[in-house]
Participant: 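Below is a structure I'd like to ask you about.
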There are 2 protein chains.
Amino acid sequence: MNIGEIAKRAGVSRSTVSYALSGKRSVSEETRRKIQQVIDELGYRPNASARALANGRTSTIGLVFPPAGAHYTGMQLDFIGSVVEAAAAYDYDVLLSPSGVDSDRSFQRLLAERRVDGAILMEIRLRDDRVDHLVAENFPAVCIGRTAHPDSDWWVGLDHTALVEACVHHLADLGHHRVAFVNRPEHLLRSGYESAHRGLDGFTKAAAERGLTARTYSCGDDAPSGQACLERILHDDPATTALVTLNEAALGGLYRGLAVAGRHVPRDFSVTGVVASRWAETVTPQLTAADVPAEQMGRLAVELLVERLGHPDTAPRHHLLAPPISLRASTGPAHPRTGSDS
Amino acid sequence: MNIGEIAKRAGVSRSTVSYALSGKRSVSEETRRKIQQVIDELGYRPNASARALANGRTSTIGLVFPPAGAHYTGMQLDFIGSVVEAAAAYDYDVLLSPSGVDSDRSFQRLLAERRVDGAILMEIRLRDDRVDHLVAENFPAVCIGRTAHPDSDWWVGLDHTALVEACVHHLADLGHHRVAFVNRPEHLLRSGYESAHRGLDGFTKAAAERGLTARTYSCGDDAPSGQACLERILHDDPATTALVTLNEAALGGLYRGLAVAGRHVPRDFSVTGVVASRWAETVTPQLTAADVPAEQMGRLAVELLVERLGHPDTAPRHHLLAPPISLRASTGPAHPRTGSDS
DNA sequence: CTCCTTCGTCGAACCGGTTCGAAAGCGAGC
DNA sequence: GCTCGCTTTCGAACCGGTTCGACGAAGGAG
């Protein structure tokens, strides 16, 4: 059931079938109908590998996936979903590439073996080998996140600095003086993980500006770590009345820690941070947070990539997003704890 | 940088390079070294499309993704991650196919255009066109979930009936008499969604066996729907003291509804169900639940598929998993509400 | 009636691999 | 010395598309 078979049954040459399908040269109405009829009868679809070999385009984009074995967060899932959906709208398939332990191997696979026309990278680091590599080869790629030298790349990113600053200002406006920052795990910070660094910067800066007493913590990406982290916070400074977090996966644990410590949210303690709205709404009380527009970011990344694929030598473009804080139910005015603890 | 270039620089023919690489015929140690040296110098990797065209294998498996635009649950994310990881171990890439609105188009794309060697399907329905289609074509596929005629398919599934039964027995053992079942959304039930149906069956059967007063509800896949559903439950029968749920995404809303209604978990109300452990641990109190072994299921699915690809005409194989209930903190003995409500 | 376009179609080459049959080189056996 | 068999290498065909140059027929202009 290849193009030769169709040609034979339609009584024309292979090239005529190809042109009838692609429309790159005119074909008489009559033969076009005949060919279409044969194709419909046999349910023919052109072989993707052969097509890719011949015209050099695979109609596939690679999505470089967070390290395998890690704790995926809801945000990442939303990215993946929206990327797949947006790509389908442009007739692209999405190939997942685990950037796991031997990330090089699967990465090489994508690029050097020409499995994809372009790539979207998640989980960017400030200094990122993968990005350097792609830029050096001028390979069409778009990052979800920014490196330290963002002008030479294509990316769509979140202004974590501004978002965390906004969270701190929100808390300061409510009268909080002693606040904590719950960051992603230590090893991500050390490896230069973008959002962790920029978020931390924003926190430190805004806390200084507002004259707050601030402490920062790293916390594992899971609920038990969140609970432990909260215990540490209250142990280090029992007078803490609010926290800001980037750590979506630890959120449930932070809440549990507060409940265990007898701190009511938002009466005794305010919580805010940067979390996708869909997940901010699953906790009780619902989280006042900067809404990560994961769906939009995935879509924008695909749009940028498609544009770049269409116009290979355009100057880099980017989108820096700074979604507003959605006021929900997890923050309130500070009530300094008086007397002994409950 | 193709095989011809390598051949030229190594002073041999293209076929010799090919054999040196594949090892399908012997090549003298000397020429093999020479070829390898040239390859290392130039960083050559064979073109995937050409290879796929020539030998008929793409080294890619398709993962048929839940409908686009739906609310993804954490479980699904875990599946995807584990499938990608397991596939990488067998040197397969994973191509995502959204089975969205015009699922046929992208589905056809995968199969008819030969983009993948095999496929893994998620979100199975009891009567599933996609599965029928694949079985009819004898296309190598493995389902995560069972259809109504499971003997002719390859699948790895969860015994939702048994799991929900176990949940009901657990509640009955604790002395609960009036229990509710929170299912997936109505439209999924209507479309024959497997876990929703089997779970419901298990609930109904076990509740009858134990002589419980039981009500069943459909609930949207998000927190607000969960909260609304819980209100409905307490409105319909304020004496309800426990619920079983399959609806992971609504769980946060159910908890919130209980908090709003002043029912303490687990003192006044027990909650249990079927939820991946990683997510069961993020809520407070942690959910006593049958742990969905998403990671294991993804891995098993890949293993079955690889096996099927290796031995095309083996009889169908499957794995039916029935993980145990993990006792956490969300269930307790029934204390019939006495007097007026709080 | 010829000359020049335009339209529709065909054959051949090409994309970059794999694979098969055959041939060349070489030592062993008779 | 000749044949046989083994190892190593080569050339050609093939996978299933796309694309380019050319060619015949039809139509219009002169």
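Residue numbers start from 1 in every chain, and the chains themselves are labelled A, B, ... in the order their sequence lines are given, proteins ahead of strands.
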Participant: Under 3.5 Å, is there a donor-acceptor pair between the Ser18(B) and Ser15(B) side chains?
Facilitator: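 There is no such pair between these side chains.
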Participant: Quick one: which of Val84(B), Val83(B), Asp117(B) gives a side chain to side chain contact (heavy atoms under 4.5 Å, CB included) with Tyr92(B)?
Facilitator: Asp117(B)
Participant: Would you kindly give the CD-to-C1' distance between Glu29(B) and dT7(D), to the nearest whole Å?
Facilitator: 14 Å
Participant: Which atom names give the shortest non-hydrogen contact between Thr58(A) and Ala52(A), and what distance separates them?
Facilitator: CA-CB, 4.0 Å
Participant: So which heavy atom on Glu113(A) is nearest to which on Arg115(A), and how close?
Facilitator: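 It is OE1-NH2, 2.9 Å.
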Participant: Using 0.5 Å steps for rounding, measure from the CD1 atom of Ile39(B) to the CZ atom of Arg45(B).
Facilitator: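 The distance works out to 10.0 Å.
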Participant: Could you tell me whether Arg146(B) and Asp153(B) make a salt bridge, using a distance below 4.0 angstrom between a side-chain N and a carboxylate O?
Facilitator: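 No, this pair does not count.
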Participant: What one-letter contact string describes nucleotides 23-28 of chain D from 5' to 3', where B marks a base within less than 4.0 Å of any protein heavy atom, S marks contact via sugar-phosphate atoms alone, and - marks no contact?
Facilitator: ------
Participant: Salt-bridged, Arg125(A) to Glu194(A), with N to O below 4.0 Å?
Facilitator: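 Judged by the 4.0 Å cut-off on N to carboxylate O distance, Arg125(A) and Glu194(A) do not form a salt bridge.
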Participant: Which heavy-atom pair separates Leu110(B) from Ser97(B) by the least distance, and what is that distance?
Facilitator: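 It is CD1-CB, 3.5 Å.
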Participant: Between protein and nucleotides 16-22 of chain D, map the contacts as a letter string: B base, S sugar-phosphate only, - none, heavy atoms under 4.0 Å, written 5' to 3'.
Facilitator: BBBBBBB
Participant: Quick one: closest heavy-atom pair of Ser82(A) and Arg299(A), and the distance?
Facilitator: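 Ser82(A) and Arg299(A) have their closest heavy atoms at OG-N, 4.1 Å.
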Participant: So how far is it from Thr16(A) OG1 to Leu21(A) CG, rounded to the nearest 0.5 Å?
Facilitator: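 That separation rounds to 11.5 Å.
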Participant: Each nucleotide N or O in nucleotides 4-7 of chain C that has a protein N or O under 3.5 Å away: list the pair and distance.
Facilitator:
none

